[in-house]
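What follows is one structure encoded as structure tokens, with my remarks underneath.
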Amino acid sequence: MTSAPLRRSGAPAAAPRPGRGARLAVPAGAVLVVAGGLAALAARLPTAAGPALVGALGLALALACWRERRVAADLRRTRTHFRSVLKGSPDPVVILDDRARVSYVSRRAARMLGRDQAALVGLPVQCAVHPDDLPTLRAAAAAPATRDESAVRTVRVRHADGRWLLVQATVRDLRADPEAGTLVLYCRDVTARPPLPGLDGDLLELSLADPVTGLPNRAALVRRLAAVQRVAGHPTALVLVGIEGLGALPEDDADAALRALASRLARSLRGEDWLARGKDGDFVVLVYGTVADAEVVAARLVADVGPLVTATGTVPLTAVAGVTALSPGVDTGEALRRGDRALRSARAAGPGAVHRYDDALRSAEDRRATLRADLAGALARGELRLVFQPVVDAVLQRTVSVEALLRWRHPELGEVPPAEFVPLAEESPLIADLGRWVLREACAAVAALPDDDPAGTGPAVAVNVSARHVRSGELVPDVLAALERSGLPPSRLVVEITESVLLDDAHVVDDLAALRTLGVRIAVDDFGTGWSSLAYLAGLPVDVLKMDQHFLAGVESDPQRRALCRAVLHLGASLGLPVVVEGVTTPAELALLRDMGHRYLQGYVFSRPFEADQLAAGAWRACLPAGALR
């Protein structure tokens, strides 16, 4: 759309295509020819017919002239608007015709190349682009045009003084428009902005371009950072943008989404910022400015990442960002590690977060490294133990089971929260060994309880099993070994798994079904925080649903929360599955849940987790708050 008014205006072009203006000139000329013929004919007609014919002829001529003046005025207004848009664009603009010749170049683009505007018009693009980079640009031009997606390509372009510039071009394809038929290139000089003396010329190697997006890749980023850090006096910062949601896409859709994101992010940057690809699906921006400037840029980029339309539908993408200043004396590797720490911190905070690196993040990273290293020997050193939290039947007013929970007392750091060390264990094969130990210890502890329960049976024990342990295929023999060694009846063991495990390989469902055949019960832990699909839940080997404690946040004052709690209870009832509510902490919550009809409850309102010796001493019997269940 943008180039058509330019050609109609008579601006220089290498090979102008016939446009609407050229086509309008034909009817006007035809009218003049016809008018001349009619005038000659009128001279031969009788006197009475002559004035009428001349009047009609004059009217036709006047109408044709009015239409032509109106079209010309429309064209002038369109041309003026087009030129004002180009002049107001912060980016240098180059327009190529259908033969890859320059049909328009903005003043900013000409200045970037150190050339005269008029001298550039009509030149083939290969005269300025490095021969090795032409395939990159042609690939962008050969891609099918889409309405909402622009290709981003980074190529070398020769300056008037002979040096090569690294230019990032967002290619807008308007060839599908019959009035345009052009490619519009919005360009940015990413060689060095602001000019930094001492940059190596080999930064312009084509091998440093990402093949999917055309952006500089991580190798180019490393070399750019090394060059920038050799130059003093220019504050710079780094922004790492993490994209969430790409992992669920097929490879082709993921590549298309990355290209669309590259285009979207490039349009959101300031002229001097430098965009590159990071690892996995992340992007990296080198910001020429302070860390505060980088936080502003990061917030804008994160806000610009949103739902993306692909060939298979709309993808609900979100983003987070980590920001760090590039301090003198900090090498490239450390700078990237600091950015990664900030990005991990932002990911832990949730979608839309922007976190800046500071010493606290480094301390947290050092602590993680210490825990990761020490966890491997914690079991052998006797630092791990089990505690037990009861699950209460609010109708029969007694404890029906206890959940075995893993605890770690570090010799130097003290008690380490499970939320901190369990994810570290799940990152390594160590989690299966820990799972085996927990199964053995939990079954032995409950089997050793005195057999004096008035109901004739002691409490059951629930053990959380990691997804990695389930997928290993060793869960069934490990459970059998724990039951055989302890003598615990299978009916008194509950294996707790997460929702996502039920969607794993077929052998997972087969293993769970085998455990149920033995009499072991299967519980879905943290129900409502995963996929929660009734289509998958129905018919799977599940005996118990454990409702996640997040459902209780604000339940006393929020009618919607209460409705959700009722809905989960009704869902379990319709499927014939008892529901255990986790995280009940106050008497008000307890009363509210009882009134809803929830029967099985767990939380601090009854008891904090107690140690193994307290379990053996019967603490599980005396955990009901006085009068709470009356």
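Given the structure is predicted, the values throughout are model-derived calculations rather than measurements. Values below: all heavy atoms of this structure, side chains included; hydrogens, waters and symmetry mates excluded.
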| query | Does T290 have any side chain to side chain donor-acceptor pair (under 3.5 Å) partners at least two apart in sequence or in another chain, and if so, which? | reply | D293

| note | In short, L275 meets A266 closest at the heavy-atom pair CD2-N, 3.9 Å

| query | Can we say E295 and R356 salt-bridge, meaning some charged N sits less than 4.0 Å from an Asp/Glu carboxylate O? | reply | yes

| task | Hey, could you give me the CG/CZ distance between L269 and R300, rounded to the nearest 0.5 Å? | result | 7.0 Å

| message | Check whether S106 reaches the backbone of V93 with its side chain - one donor and one acceptor, N or O, closer than 3.5 Å. | response | yes

| query | So, R277 side chain and F283 main chain: donor-acceptor pair closer than 3.5 Å or not? | reply | no

| Do we see a donor-acceptor contact under 3.5 Å between the side chains of D304 and S268? | yes

| request: Would you please name every residue forming a salt bridge (Lys or Arg N to Asp or Glu O under 4.0 Å) with R372, sequence neighbours left out? | output: E427

| request: Working to the nearest 0.5 Å, report the span between OG1 of T236 and CG of L225. | output: 8.0 Å

| message | If I take atom CG from residue L215 and atom CH2 from residue W274, how far apart are they, to the nearest 0.5 angstrom? | response | 9.0 Å

| query | For the atom pair OH (Y288) and CG (L326), what is the distance rounded to the nearest 0.5 Å? | reply | 9.5 Å

| query | Is it true that R367 and E420 have a side-chain N and a carboxylate O under 4.0 angstrom from each other? | reply | yes

| field | L265 side chain near V305 side chain, heavy-atom distance below 4.5 Å | value | yes

| said: Closer than 4.0 angstrom, basic N to acidic O: yes or no for D282 and R347? | reply: yes

| W164/H130 aromatic ring centres below 6.0 Å | yes

| note | Residues L238 and A335: closest non-hydrogen pair is CD2-O, 4.3 Å

| How close do A425 and I431 get, heavy atom to heavy atom, and via which atoms? | O-CB, 3.3 Å

| query | Of all residues at least two apart in sequence or in a different chain, which pass the ring pair (Phe, Tyr, Trp, His ring centres under 6.0 Å) check with H355? | reply | none

| note | Shortest non-hydrogen pair, V167 vs C187, comes out as CG1-CB, 3.8 Å

| task | Search all heavy atoms of A276 against all heavy atoms of L221 and return the closest pair with its distance. | result | CB-CB, 4.4 Å

| task | Indicate the atoms forming the closest heavy-atom contact of A346 with A353, along with that distance. | result | O-CB, 3.5 Å

| said: Please determine whether side-chain hydrogen bond (donor to acceptor under 3.5 Å, both in side chains) holds for the pair R267 and S263, giving the CA-CA distance in whole Å, both sets of side-chain angles, and the decisive distance to 0.1 Å. | reply: CA-CA 6 Å; R267 291 196 300 268; S263 174; 2.7 Å; yes

| field | Q117 side chain to V105 backbone, donor-acceptor under 3.5 Å | value | yes

